[in-house]
Amino acid sequence: DQQVKQNSPSLSVQEGRISILNCDYTNSMFDYFLWYKKYPAEGPTFLISISSIKDKNEDGRFTVFLNKSAKHLSLHIVPSQPGDSAVYFCAASPYTGGFKTIFGAGTRLFVKA
Amino acid sequence: DTAVSQTPKYLVTQMGNDKSIKCEQNLGHDTMYWYKQDSKKFLKIMFSYNNKELIINETVPNRFSPKSPDKAHLNLHINSLELGDSAVYFCASSGEQGLNEKLFFGSGTQLSVL
């Protein structure tokens, strides 16, 4: 029962271009969404988040878009840099909190120089 | 100064053994977690503790027993290890009382059961 789905296991992008990572969710109780970035042999680190009351949140080169009706969010990285090469996890938590964040399987991003 | 540290980083052991993974956070957070990253790369929550009290216990075998001596520590003890326990285990913490929490993760413990 995958409540958070990242259907693209990997994505390859040229340096300087836009990277778009997608995420779909099924649980209407989710109201807070996060993206984490993970390098090999390290733990995931928080990148950016968005509350369900918004449809866009921007932080530097990173922008997250939320489409609640479609239960879809995306992470845009512009411009992409080789150092962005990592695994990106989409995550969601319900408005009741409950100390429970559900993660997707991750998308491995390759940014080619 | 590492915020969330877990040891060991690698653990190779035989089936049937008992092992522990330790986790400590120096962020002053009230909530700590154990996540398991399985072979399909999903990060699945196992346990959550808030101020030393168990909050979440997902459908994890009883062989897995978390222990929180204080709110800065959450250790994971695993009895009678099985092949299927091989995975990467991540400790994490958050300070937001479980609501809209941003998690801080340790670097992971790669457990290999032979």
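A, B, ... follow the sequence lines: proteins, then strands. Residue 1 opens every chain. The structure presented is a predicted model; accordingly, all values stated were derived computationally and were not measured.
- Within the 4.5 Å cutoff, the side chain of A/K38 has heavy atoms near those of the B/Q37 side chain.
- For A/Q14, the CD atom is densely surrounded, since the number of other residues' heavy atoms within 6.0 Å is greater than 12.
- Looking at A/F33, there are no atoms closer than 4.5 Å to chain B (heavy atoms on both sides), in backbone or side chain.
- Residues B/V4 and B/V88 do not share a hydrophobic cluster, clusters being chains of Ile/Leu/Val/Met/Phe/Trp/Tyr side chains in contact below 4.5 Å.
- B/K9 places a side-chain N or O within donor-acceptor distance of the main-chain N or O of A/A41, the cut-off being under 3.5 Å.
- Of all heavy-atom pairs between B/F42 and A/G104, the closest is CD2-C, 3.9 Å.
- At least one side-chain heavy atom of B/L103 sits under 4.5 Å from a side-chain heavy atom of A/T101.
- For B/K71, the NZ atom counts as densely surrounded, since its 6.0 Å shell holds more than 12 non-hydrogen atoms of other residues, nucleotides or ligands.
- Looking at A/Y36, only its side chain comes within 4.5 Å of chain B, counting heavy atoms on both sides.
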CA sep, side-chain torsions, deciding dist, call: A/F103, B/Y35, ring pair (Phe, Tyr, Trp, His ring centres under 6.0 Å) = CA-CA 10 Å; A/F103 284 80; B/Y35 276 82; 5.3 Å; yes

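- In this structure, CD in A/Q6 is found 14.0 Å from NZ in B/K41, a value given to the nearest 0.5 Å.
- Hydrophobic clustering (ILVMFWY, side-chain heavy atoms < 4.5 Å, transitive): A/V13 and A/F65 are in distinct clusters.
- Around CZ of A/R17, the count of heavy atoms belonging to other residues, nucleotides or ligands within 6.0 Å does not exceed 12.
- Residues A/F110 and A/W35 fall into different hydrophobic clusters, defined by Ile, Leu, Val, Met, Phe, Trp and Tyr side chains chained together at heavy-atom separations under 4.5 Å.
- The neighbour count for B/D70 CG, taken as heavy atoms of other residues, nucleotides or ligands under 6.0 Å away, is above 12.
- Under the 4.5 Å side-chain criterion, counting only non-hydrogen atoms from C-beta, A/F89 is in contact with B/L43.
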